[in-house]
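Notes follow the structure.
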Amino acid sequence: MEVVVAEHAGFCFGVTKAVETVYDRIKDKDAGNIYTYGPIIHNETVVGDLEKKGVKVIESPEELKGIEKGTVVIRSHGVTRDIQKELEKTGLSIVDATCPFVKRIHKIVEEESSKGKSIIVVGSANHPEVEGIVSFASGPVYVIDGPESALKFKENKETEYTLVSQTTFNRNKFQETVEIFKNNGYNINIVNTICNATDERQSEAQEIASRADVMIVIGGTHSSNSRKLYEICSERCENTYFIQTLDDLDLELPESAVLVGITAGASTPKNIIEEVRNYVRTNF
Ligand code: F3S
């Protein structure tokens, strides 16, 4: 049995930076209590470890009322402009670990919107990253979650639009969505803001899944990039498993299986990937 682990599996640059930021603050004696705005990553093991070290997850700025000293870390997805302002008003130390690729989208949306363009964001409306992106528009902004919504989009064709994408969007679906806008005659400036890490991860997963007999995708159930990886892999390999940790794996290999592929979302630590790889290697 051959086991192939994707090179681009696991922590991406932005997630690594955000997690390291929190661990660095723990070592800093002047940081006071440490809070993360939302779980720093979609991984219960890492969040649990941080909790043991005293890091608290908050979900709204109100939870900080009455606290005079402490540090709040903004995770790689970023936050809305209003939340950023409210956090600054608390007087606590704010450490912004928003991924630079997300920041770049904020900047594009802010600039294009101030020039009078309407903004289209291809992504999931209720994902925190998309909520943040949307908040940087000062004029009309629409969120489109894929080709089907693009087909239903009936707005003014004279308007100039700038279209951006959630960093972790499925790149094939992004292309399909963009084609629909173009074919329907919209005057649209397309900026593909799917980040490189996502792009590489998805292309590699797609390539491995198309030749694997069994594919294992490791990632948090709340992690949008992991769910998209699962979607991509299961389209190409019917025996695709989606697990958070080795404990969830109830692997049954077809008799003819010769290749097992493994990939993982951006918030999966290396040790979990290694555990799964070793398990498959030793037991099958
Ligand atoms: Fe940043 Fe891309 Fe990771 S946007 S947080 S490098 S998935």
Side-chain angles (χ1 to χ4, degrees), residues 5-25 36-47 50 57 72-80 83-84 95-110 119 121-136 143 145 163-175 190-206 217-233 242 244 263-270 272-273:
V5 178
E7 266 182 48
H8 300 284
F11 277 19
C12 61
F13 146 83
V15 165
T16 306
K17 186 173 150 261
V19 173
E20 281 175 358
T21 302
V22 183
Y23 280 102
D24 284 351
R25 290 297 172 262
T36 62
Y37 199 87
I40 195 76
I41 58 168
H42 294 296
N43 182 278
E44 285 161 19
T45 317
V46 176
V47 174
L50 289 171
V57 176
V72 185
V73 182
I74 295 174
R75 60 186 170 172
S76 50
H77 298 321
V79 290
T80 66
I83 290 174
Q84 173 93 34
V95 180
D96 188 358
T98 307
C99 178
F101 297 124
V102 176
K103 285 256 187 218
R104 175 176 166 247
I105 309 177
H106 292 173
K107 196 160 171 267
I108 294 169
V109 168
E110 190 170 24
I119 306 294
V121 184
V122 182
S124 312
N126 52 8
H127 189 282
E129 180 194 323
V130 174
E131 289 171 347
I133 295 170
V134 164
S135 75
F136 280 79
V143 179
D145 64 5
L163 178 148
V164 293
S165 164
Q166 184 178 349
T167 53
T168 52
F169 204 74
N170 176 328
R171 68 192 176 104
N172 299 330
K173 274 202 179 165
F174 178 76
Q175 285 312 335
I190 292 150
V191 194
N192 181 346
T193 51
I194 297 177
C195 86
N196 271 350
T198 303
D199 213 6
E200 287 166 348
R201 186 191 311 279
Q202 291 182 355
S203 324
E204 200 189 7
Q206 182 171 323
V217 179
I218 315 167
T221 37
H222 299 294
S223 153
S224 125
N225 80 85
S226 304
R227 274 189 275 116
K228 280 169 196 150
L229 270 185
Y230 173 70
E231 191 179 285
I232 289 170
C233 293
F242 187 21
Q244 276 208 77
T263 187
S267 42
T268 306
K270 277 267 177 289
I272 296 183
I273 304 173

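Excluded from the calculations below are hydrogen atoms, water molecules and symmetry mates; all remaining heavy atoms, backbone and side chain alike, are included. When a ligand or atom number is given, it counts from 1 through the structure's own listing order.
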* Residue pairs passing the side-chain hydrogen bond (donor to acceptor under 3.5 Å, both in side chains) test where at least one lies in residues 121-132, sequence neighbours excluded -> Glu129-Thr167
* Structure fact -> d(Asn43 CG, Phe11 CZ) to nearest 0.5 Å is 6.5 Å
* To do: Report the C-alpha distance between Ser224 and Gln166 in whole Å, list the side-chain angles of each, state the deciding distance to 0.1 Å, and finish with yes or no for side-chain contact (heavy atoms from CB on, under 4.5 Å).
  => CA-CA 10 Å; Ser224 125; Gln166 184 178 349; 3.6 Å; yes
* Asked: Measuring from Ser267:OG to Ile40:CD1, what's the distance to the nearest 0.5 Å?
  -> 11.5 Å
* To do: Answer yes or no: does atom CD of Glu44 have more than 12 heavy-atom neighbours from other residues, nucleotides or ligands under 6.0 Å?
  => no
* **Flag side-chain contact, heavy atom, 4.5 Å: Lys173 against Lys228** => no
* **Atoms of the protein (N/O/S only) found under 2.8 Å from atom 1 (Fe) of ligand 1** => Cys99 SG
